[in-house]
There are 2 protein chains.
Amino acid sequence: MANIKDIAKLAGVSVTTVSRVINGHPYVSTLKKEAVQRAMEMENYERNINAVHLSKGKTNLIGVVVPSIRRPYFGMVVEGIADEAIKDNYKLVLIQTNYEVEREMDALMMLKLKQIDALIICSKTSGWDVVEEYIQYGPIIILEDARGTKLSSIFIDHYQIFSNALAYLRSKGHHKIGYCLARRSSPNSARREAAYRDFYTNLQEDYDPNYIFYDCVHLEDGEWIMQRIVGMEDPPTALLVTSDQVAAGILTYCQENNIRVPEDLAIVGFDNQPIAKVLHITTFEIPIVEIGRKLFLKAIDGSHSHEEIPIHLIERLTV
Amino acid sequence: MANIKDIAKLAGVSVTTVSRVINGHPYVSTLKKEAVQRAMEMENYERNINAVHLSKGKTNLIGVVVPSIRRPYFGMVVEGIADEAIKDNYKLVLIQTNYEVEREMDALMMLKLKQIDALIICSKTSGWDVVEEYIQYGPIIILEDARGTKLSSIFIDHYQIFSNALAYLRSKGHHKIGYCLARRSSPNSARREAAYRDFYTNLQEDYDPNYIFYDCVHLEDGEWIMQRIVGMEDPPTALLVTSDQVAAGILTYCQENNIRVPEDLAIVGFDNQPIAKVLHITTFEIPIVEIGRKLFLKAIDGSHSHEEIPIHLIERLTV
DNA sequence: AGTTGACATGGAAGGCGTTTCATAATTTAC
DNA sequence: GTAAATTATGAAACGCCTTCCATGTCAACT
């Protein structure tokens with residue numbers, strides 16, 4: 001394949017001029033410009049993109065860290081990122097971590113080595129200090145409340161929403177409220193737990209720790225959750241489920257086992273995924289795809305900022 | 001940041017020797033090797049990965065083309081690819097096409113420019129001839145029957161499966177069988193349509209073209225499909241639905257509208273996604289994640305081959 | 001007429017690691 | 001004891017594009 005030197009020779013100009021034509025710089029006479037274009041066409045020239053990357057120190061690649069791409073929530077975030085990335089001619093490098101710190105380090109290393117121009121972390125496993133170390137190498141945007149750190153973030157106030165949700169269920173007459181979380185160790189989970197504890201503390205009431213379920217991630221998890229609930233002497237009357245997928249699983253189990261929703265058990269989901277709409281699950285609408293778009297925009301904008309995304313309750317038939 | 005030259009100077013060796021140490025080549029004395037390692041550690045050296053790419057003409061990046069990453073089917077394929085890619089230290093570049101030919105061309109161009117080492121196409125929009133043009137630049141693997149082309153492929157015999165499914169429904173006493181496809185124009189759809197036509201032709205029976213539904217992709221599509229069926233004078237008694245998502249949407253509609261499944265309407269899904277298990281949908285199990293793994297392996301193996309994936313029916317409660 | 005500023009163009013430096021080739025020093029082999 | 005093989009090492013070529021800097025031309029402005 002021809003390189004820029006060949007083209008320059010063929011067109012009878014300097015390499016610089018060819019580069020200028022390629023990159024649309026001004027100050028090239030029409031005559032030479034056309035000569036270059038003819039030469040490029042003749043030779044079917046394509047620049048060596050890796051040489052461009054080396055020279056520019058930039059790759060038009062954005063890293064995206066997700067724990068698992070098959071989870072609809074992350075699929076939707078990535079879709080949003082990808083939608084926006086296309087417009088700016090960026091491509092996405094997908095890094096699936098399965099919550100392994102090592103994988104996350106891979107991603108950070110890619111930023112350090114300038115293999116990617118920026119990094120979007122949709123779910124973080126390692127500590128803030130570790131991640132902040134890498135901010136010097138390029139923009140890092142995180143889908144989590146990162147106020148107080150050097151990263152930029154788009155986030156949801158999970159404490160507030162959980163509090164609101166609890167108050168909402170209380171107003172509907174529920175006193176025994178349980179909840180389902182994904183990873184126990186995630187910061188989002190911590191905030192939600194705090195909201196829950198504070199809620200009951202303020203009310204000067206106790207809560208049953210058995211009402212708390214961890215590792216609720218997939219549709220199928222609804223089954224074991226409900227089996228545990230069914231086996232309880234004094235089961236909760238309402239459940240805050242931090243994923244519509246899980247909420248759908250729970251609802252399905254109820255329908256099959258003659259547990260009336262919301263009479264016997266009220267369910268509040270999160271995300272407002274398609275399944276919540278189809279199954280009429282009351283849920284908090286999180287504009288996931290839109291959040292993905294914003295994440296990307298922030299990644300290439302480069303300024304340091306934090307943005308809270310407001311979340312609204314969508315009342316349907318499960319409360 | 002230090003470069004290889006700095007390290008060489010610091011260690012008192014040549015650049016070549018440093019490179020050899022980095023890449024684990026033999027023929028470096030222990031003495032110099034250690035000197036180099038010390039120097040690298042001292043300077044906190046990291047190679048400029050873009051220079052490596054330029055020099056090697058290889059990036060350890062594999063392109064993955066999907067129409068939309070949020071669709072569970074593609075999420076699962078990509079998960080499989082990513083799982084396997086990690087093991088070989090490859091990263092994935094995600095190209096979301098939305099079935100736009102232009103996006104697909106982007107991906108092919110990346111292969112041509114050696115920005116990616118291989119390309120996996122999970123769903124193709126452009127023609128075979130276009131794609132085959134690019135096989136000269138690197139391995140292209142496609143999730144579709146590509147026998148007779150220069151590409152490698154992992155595929156499912158959709159004609160056969162559709163035929164089997166029709167025979168199965170017939171054996172259960174169904175004569176009025178409809179089906180739901182995604183894109184009408186896709187090759188998979190064409191094969192399924194052929195199977196359907198041949199099935200009725202062999203039986204010397206006619207079929208009602210109204211029983212055929214296109215653009216059935218998402219969970220929500222179940223609703224309009226069922227509304228059309230409900231409005232029919234002579235509705236089908238069984239439906240072959242080429243996505244569990246859509247099958248789930250249809251089933252949900254039936255449950256809410258007192259249409260008995262399978263008595264009034266039998267439903268056969270495809271993919272055996274979690275939702276099919278939870279809702280007890282009879283479906284064809286397609287080992288999607290496993291297929292993703294195989295796609296990746298084939299991508300880096302580089303040999304030209306085709307592999308058919310056998311598919312099995314999982315009988316549950318919707319037939 | 002002299003000074004500015006806009007337009008044009010090319011040389012050369014800069015970004016950086018890999019690999020081939022030539023050479024030298026040791027071993028091993030017979 | 002000598003030929004052959006193995007081990008070690010570095011210079012230089014190679015992969016290729018971008019951009020800074022220097023130089024030059026021509027028109028416009030004072």
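Letters go in sequence order (proteins before strands), and every chain restarts at 1. Note that the structure is predicted; figures quoted are calculated from it, not measured.
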Chemist: Quick test of your reading: applying ring pair (Phe, Tyr, Trp, His ring centres under 6.0 Å), list the pairs with at least one residue in residues 30-52 of chain B, sequence neighbours left out, ordered by first then second residue.
Modeler: none
Chemist: Could you tell me the boundaries of the chain A footprint on DNA chain D, defined by atoms under 4.0 Å from its heavy atoms?
Modeler: D:dC16 to D:dC20
Chemist: Salt bridge (charged side-chain N to carboxylate O under 4.0 Å, His left out): which pairs involve residues 94-119 of chain B, sequence neighbours left out?
Modeler: A:K91-B:D106, B:K58-B:D117, B:E100-B:R103, B:R103-B:D106
Chemist: Is there a side chain to side chain donor-acceptor pair (under 3.5 Å) between B:D301 and B:S303? Walk through the geometry before answering.
Modeler: CA-CA 6 Å; B:D301 145 351; B:S303 69; 2.9 Å; yes
Chemist: Using heavy atoms and a sub-4.0 Å distance, could you list which residues of residues 11-27 of chain A are near DNA chain C? By number, please.
Modeler: A:V13, A:S14, A:T16, A:T17, A:R20, A:Y27
Chemist: With side chain to side chain donor-acceptor pair (under 3.5 Å) as the criterion, how do A:D83 and B:Q96 come out once you've worked through the C-alpha distance, each side chain's angles and the decisive distance to 0.1 Å?
Modeler: CA-CA 8 Å; A:D83 281 350; B:Q96 200 178 242; 3.2 Å; yes
Chemist: Identify whether the distance between the nearest side-chain nitrogen and carboxylate oxygen of A:E41 and A:R38 falls below 4.0 Å.
Modeler: no
Chemist: So, do B:T125 and B:S186 sit near enough that their side-chain heavy atoms are less than 4.5 Å apart?
Modeler: no
Chemist: Quick one: pull up CD1 in A:I121 and CG in A:L111 and give me the separation to the nearest 0.5 Å.
Modeler: 9.0 Å
Chemist: Keeping to residues at least two apart or across chains, list the ring pair (Phe, Tyr, Trp, His ring centres under 6.0 Å) pairs with something in residues 68-100 of chain A.
Modeler: A:Y90-A:F296
Chemist: Under the ring pair (Phe, Tyr, Trp, His ring centres under 6.0 Å) rule, what pairs show up with a residue in residues 2-23 of chain A, not counting sequence neighbours?
Modeler: none
Chemist: By the definition side-chain contact (heavy atoms from CB on, under 4.5 Å), identify the one residue from A:M42, A:R47, A:Q37, A:E43 that meets it with A:I7.
Modeler: A:E43
Chemist: How far does the helix from C:dA1-D:dT30 to C:dC30-D:dG1 bend, going by the axes of its first and last five pairs, to the nearest 10°?
Modeler: 30°
Chemist: Below 4.0 Å from chain A heavy atoms, what is the first contacting nucleotide of DNA chain C and what is the last?
Modeler: C:dA6 to C:dC16
Chemist: Donor-acceptor pairs under 3.5 angstrom involving side-chain atoms of residues 18-30 of chain B: please list them, not counting sequence neighbours.
Modeler:
{"unit_1": "B:S19", "atom_1": "OG", "unit_2": "B:N23", "atom_2": "ND2", "d": "3.4"}
{"unit_1": "B:N23", "atom_1": "ND2", "unit_2": "B:S19", "atom_2": "O", "d": "2.9"}
{"unit_1": "B:S29", "atom_1": "OG", "unit_2": "B:K32", "atom_2": "N", "d": "3.4"}

Chemist: Under 3.5 Å, sequence neighbours excluded: what are the donor-acceptor pairs made by side chains of residues 132-141 of chain A?
Modeler:
{"unit_1": "A:E132", "atom_1": "OE2", "unit_2": "A:K150", "atom_2": "N", "d": "2.9"}
{"unit_1": "A:Q136", "atom_1": "NE2", "unit_2": "A:E133", "atom_2": "O", "d": "2.8"}

Chemist: Atom CD1 in A:I120, atom CG in A:L295: separation rounded to 0.5 Å?
Modeler: 5.5 Å
Chemist: How would you list, by chain and number, every residue that makes a salt bridge (Lys or Arg N to Asp or Glu O under 4.0 Å) with B:E307, sequence neighbours excluded?
Modeler: B:K294
Chemist: Using the rule given for side chain to side chain donor-acceptor pair (under 3.5 Å), can you reason through B:S68 versus A:E79, listing the C-alpha separation, both sets of side-chain angles and the distance that settles it, and then say yes or no?
Modeler: CA-CA 7 Å; B:S68 159; A:E79 169 126 347; 2.8 Å; yes
Chemist: Using a heavy-atom distance cut-off of less than 4.0 Å, which residues of residues 47-55 of chain B contact DNA chain C?
Modeler: B:R47, B:N48, B:A51, B:V52, B:S55
